[in-house]
Every structure is written in structure tokens, then in C-alpha cells.
Number of protein chains: 2
Amino acid sequence: MVKKLKDASAEERILTAAKKVFLAKGMSGARMQDIADEAGINKALVHYYFKNKEQLFEKIFMELSTSFFPKMVAIFASPDSLKKKIESFCSAYIDNILDNPHIPLFVLNEISQRPATFIKKVLKVSPLNMAFMSQQIDAEIKAGNIKPISAVQLMMNVLSMCIFPFIGKPILMNIMKLDEGVFRQLMEARKREIPKFIFDSIKK
Amino acid sequence: MVKKLKDASAEERILTAAKKVFLAKGMSGARMQDIADEAGINKALVHYYFKNKEQLFEKIFMELSTSFFPKMVAIFASPDSLKKKIESFCSAYIDNILDNPHIPLFVLNEISQRPATFIKKVLKVSPLNMAFMSQQIDAEIKAGNIKPISAVQLMMNVLSMCIFPFIGKPILMNIMKLDEGVFRQLMEARKREIPKFIFDSIKK
DNA sequence: GTCTATAACTCGATAGAC
DNA sequence: GTCTATCGAGTTATAGAC
């Protein structure tokens, strides 16, 4: 049975609140008081359930980063063609980010803040081996199916075009005179536009 | 006459130190003590030259954001062909970021934190009108020089591919097994690879 | 202009009543 | 399990000596 938010346990309400506050303000900008207020409970209770801010943050960070580094393995390790994989990835990944557009900036910012602390933890939970994908690209080139291109450059292009618009969203909306609705439509369209753009570039 | 850092005035040393500390930790993570230490002076002196943290931050933020939103106007408003402009932009802009690779994440993060506060200020100093560029793309399509593509999507692709690798640098280096030197080489190569990738895609 | 000392305040964390 | 009250460390900012 699905509980309403107000009926959720204190612990669940804290986690939901912490996710919202950390996403919006980051580790150093978030306040335990903000989280308690957002959860509608007392600050002391946050410490009752989670020993300290760091531990609560890490729990939220791991949860959010597994969303940002999703089960790409499933897509990338599949036996599909390169084209199919890139199409699947762009579509699934943009859909994924559309559900919570603040995750990319949050995750990349916190990782940049403390790479030694987080990169290993993140990649342990979401192993992201690009070697197979890289080999497949090289194989397609060798087979004469696509034009020569550096596999790393191509993978950077895919990731860049899918993720960056969400990171630069406020400024992009402003300089390109977009409103919230149009921005969303553009991102929906990118699920098809990016693969098209890529294969127009590398097809022979 | 160019002064050495140690000989620079206290005010200059504070600005240099503040730039370094804010870039590394952001507004909420930076400490006035960090800045004083980095400048090799007393904390009180920072307040003597700059009334408070907010004012010092804003000065640094404006300086760094004018580097992030550079004189694109000069490039975009030039009478050059679309191809020439995109080549010029990628080359100049990637060179620009290579000089201080932490600027993009810093600027985009602080803007996301307080869009209402900063977007107007930033765009007042660095007016970024994409309308002309957009019109030129549409004109090239109409003239039959390039394939049909949404101008906004194309501009997003250019910006994404130039900027994103610097934002995702720690994680990209890790999942693609790159070291610092190889990363730099890849970015140097992108100055040419991105325009090539784009025009392979949209040329007829 | 630069420093020491400290006031004023914020915030994470704990003690202890219920 | 949840609350009120408060401690104590850390931080911004100021006062005042030199």
C-alpha cells in the first residue's frame, strides 16, 4: 500500500526532504535546519535517524548518483548495433534526466569537490566500463560501416549533447529566449535529434 | 612594470586568492579565512578592502563569468561564413577554457544556485544575442547549403561539446582511463574534431 | 594599511524531558 | 520516537591598537 507523504514515516520524510535540499543547495550550502523544516519535523530527529550531516549526505549522494550513472551497462553491453545502442541510450538517458533535471549538476559538482572520496564509491555501485563500447566503435570503423573517428571523442560527444543542456539550462533558456515548456519540448526532441545528428556525421 | 605575486599589493593578492578559493569551493564552501591564508595576510584585511564575503564573491563571479561568456559577440556577429564561425568559436573557446578549466562548473553552478541574482548581471556585461547566429543558420538551410536542422538544437550541440568535457572531467578521466596529459591532448584535438563532426553531419 | 582580539551570529550536534 | 533547550565549534564581521 502506497502511503501519502504526510503519512510517511519520519525516516522516509527526512530522506525525501534531504534529497530535495541537497539537490538544491549542495552539501556545503544545505542546512540541517532546512532539511528538518522541509520534512516537517525537529532538527534533533534528523540526528536521531542519521548520525550526522555527512552520513546523511552520503546516503543521498549515492542514491542520486546511481540515477545519474544508470544501468548504461545494460545498454552498452547488449549485442545491438552501435546505432541502436546510441538511440537507446539517448532516449532512455534524456528521459531519465527529465524526471529530475537537477541531478547532473549536483552529482558532477560534488564529485569535482571531492573526487577522491566519491569516484570510487560511485563506480563501485555503477560500474561504467567504456572499453566494450570503444571496441565496438573501432570495429565498425574497421568494417567500413562508419567513418574513422576517435572512439573517445565520439563517446564524449554523445554524453555532452545529452547532459549539458540540463547543466546550462538557466543560461540557455535566457540567451535562447526559451520558456520552461519549450525547453522540455526541445529535450524531448533531442532524444531523436542527437542520434540523427551523430549518424549523419559518421555514416559513410 | 609587472610585479611579482609576492610584491603585489594586498588588494591584488586578495583578489587572486579569492579567485582561487571561490573557484575551488564555490560561494557556500569558501571561507574568508581560506582566502586570507591564501593571500598571506590577515582576515581582517580582507574585510578592510571588501566589505563582506558577498561583495567579494560578486566581484570575483563577475570577473570569471565574463571569461566564461567571452566575446562571442565578436565571433558570432562577424560577417564570416557559418563554418568559419563555428571553427573560430570552438578553437578560441576551448583554448579559453583550457587556461582555466574550473570556470565552467563554477559559473554554471553559481548561476543555478541564484539565477535571478546573476543572469541579468552577467548578460548585461556579456550580451549574448543568439538571434543573429540563429538567423544565419536558417538562411544557410534555405539557401540549400546545409541540411535542415533546428538552429537552437545545433547551437546547443556546439556549446555542449565544447564545454561539457570540462565539467565532467573527473568522471570522464576515470571511466575512459585518461590521465591529465591525454585529457589535454583530447581537448586540443577537439578544437578541430568538433567542427569536423558538425559539418560532416550538416553538409549536403 | 595591517594587525590582534573579540563580538555577534550560525550551525551541527547532544542532553534530557516526555 | 519526538520534542525543547542548549552547548560548543566555526565563521563573518567589527573594534581598536599600532
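Sequence lines set the chain letters: A, B, ... in the order given, protein chains first and strands last, and positions in each chain run from 1. Since the structure is predicted, the reported quantities are computational estimates derived from the model, not experimental observations.
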Restricting to non-hydrogen atoms, name the atom on R190(B) and the atom on N157(A) that form the minimum distance, rounded to 0.1 Å. NH2-OD1, 2.6 Å

Round to the nearest Å and state the distance from N42(A) atom CG to dA17(C) atom C1'. 13 Å

Would you kindly give the CD-to-P distance between Q33(B) and dA13(D), to the nearest whole Å? 13 Å

With the side chain of K43(A) defined as its heavy atoms from C-beta on, choose the nearest nucleotide among dG12(C), dT12(D), dT4(D). dG12(C)

Does atom NE2 of H47(A) have more than 12 heavy-atom neighbours from other groups under 6.0 Å away? yes

Considering just the side-chain nitrogens and oxygens of H47(B), establish if one lies under 4.0 Å of OP1 or OP2 belonging to dA13(D). yes

Could you go through F22(B) and F57(B), starting from their C-alpha distance and side-chain angles, then the distance that decides it, and tell me whether this counts as ring pair (Phe, Tyr, Trp, His ring centres under 6.0 Å)? CA-CA 7 Å; F22(B) 280 132; F57(B) 174 78; 5.0 Å; yes

Distance from L15(A) atom CG to K20(A) atom NZ, nearest 0.5 Å? 15.0 Å

Nearest listed nucleotide, side chain of L45(B), among dA15(C), dT2(D), dG1(C): dG1(C)

Nearest to the side chain of K53(A), heavy atoms from C-beta on, is which of dA13(C), dC3(D), dT12(D)? dA13(C)

For a quick check of understanding: with a heavy-atom distance under 4.0 Å over all strands, which category does N52(B) fall into, base, sugar-phosphate or nothing? sugar-phosphate

From the list dA13(D), dT14(D), dT14(C), which nucleotide is the closest neighbour of the side chain of A44(B)? dT14(D)

Under 4.0 Å between a side-chain N/O of R31(A) and OP1 or OP2 of dG12(C), yes or no? yes

Which part of the nucleic acid does Y48(B) contact within heavy-atom distance under 4.0 Å: base, sugar-phosphate only, or nothing? base

